[in-house]
Structure formats: C-alpha cells, structure tokens
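Take a look at the structure set out below.
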Amino acid sequence: PAAGSAPAGAPAAPAGAPGPASHQSQYAAAAAARQAQADADAEFARRLVAEEEAAAARRPPLESPQGTRVSPDMPHSAEITQLQAMGFDLATAQNALQQTNGDLPAALNILLGS
C-alpha cells in the first residue's frame, strides 16, 4: 500500500473524517477550556475572600449588654460577651477568664463561687 493509505483489507476512513491530528487539537482545546474555567473559578474565590475580609474590617466591634465595647481581637471576646449577657461586668469577666485560660464553664464556677 502507498504511504498514508490503509492496509489492504482494512476499512477506509470516510472522506472528511477527522484524523489523529484533529483529535489531538480537540483534546488540547478541551484541556485549555478546563484550565480557563479553573483559572476563572480561582479568581472568583480570591475576589470572594477579599470582599469578605473587607466587610469584616468594616464591621463594628461587638456591643455588650452593659454598653462596654468588646473588640473581636480581645482575648476571649466571645466568652466575655456571654458572661456580660449573664450580668457580669467586663473586668470581672476578663479576670475570671484569665484565671481559667478562657474556659467558660470554669470561669462561671469562679464567678458563681462554686
């Protein structure tokens, strides 16, 4: 058989059928499309994180029931806010949590004299 032609007895490819080079270019195009989508997804995630960080920076500090501001950066701020909601003042809550290394139940035991 001539170079590039099918061996004797093998079915011939239909005229206009894609050859191996065409399949390779289709695979390359699909891979490029997948990579472009992955890049777009990563950029979307980066923007989403940046927007959330900016929104968090604009949020005011937590307001306690006693009117004393508790900064989210303050150690044990969530626990202090909980203790203040129970009626304890800021200094008392901070002291109890400092003694217990932030253990809320243990701090409550100290505050309640248990």
Side-chain angles (χ1 to χ4, degrees):
S5 65
S22 176
H23 286 292
Q24 287 175 347
S25 65
Q26 288 175 348
Y27 292 134
R34 283 191 304 275
Q35 184 60 50
Q37 184 62 51
D39 292 344
D41 291 346
E43 180 59 27
F44 176 76
R46 277 191 291 276
R47 276 195 228 138
L48 195 62
V49 167
E51 288 173 11
E52 180 55 34
E53 287 173 347
R58 291 189 301 268
R59 288 187 198 114
L62 300 173
E63 185 73 31
S64 74
Q66 268 50 22
T68 306
R69 290 184 166 262
V70 177
S71 168
D73 299 330
M74 184 182 293
H76 316 299
S77 62
E79 291 85 357
I80 290 170
T81 301
Q82 288 179 318
L83 290 174
Q84 286 183 312
M86 295 176 200
F88 298 101
D89 64 77
L90 175 64
T92 303
Q94 284 178 313
N95 185 35
L97 287 164
Q98 196 170 32
Q99 290 179 46
T100 62
N101 198 27
D103 184 339
L104 185 59
L108 273 171
N109 284 335
I110 289 172
L111 294 170
L112 298 174
S114 302

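Nothing fancy with the numbering, it's 1 onward along the sequence.
The hydrophobic cluster of V49 has no other members, since no ILVMFWY side-chain heavy atom comes under 4.5 Å of it.
Using a 4.5 Å cut-off on side-chain heavy atoms (C-beta onward), T92 and L83 make no contact. The shortest side-chain heavy-atom distance between E52 and L48 does not fall under the 4.5 Å cut-off. Considering only heavy atoms from C-beta on, D103 stays 4.5 Å or farther from E79 through its side chain. Residues D89 and Q84 are not in side-chain contact: their nearest non-hydrogen atoms beyond the backbone lie 4.5 Å or more apart. Side-chain contact between L112 and F88 is present, with heavy atoms from C-beta onward closer than 4.5 Å.
Under 4.0 Å is where a charged nitrogen must lie from a carboxylate oxygen, and between R47 and E43 at least one such pair does.
No more than 12 heavy atoms of other residues, nucleotides or ligands sit less than 6.0 Å from atom CD of Q98.
Just one of N95, T100, L97 meets the side chain to side chain contact (heavy atoms under 4.5 Å, CB included) condition when paired with I110; it is T100.
Atoms CE and CG, from M86 and L111 in turn, are 9.5 Å apart once rounded to the nearest 0.5 Å.
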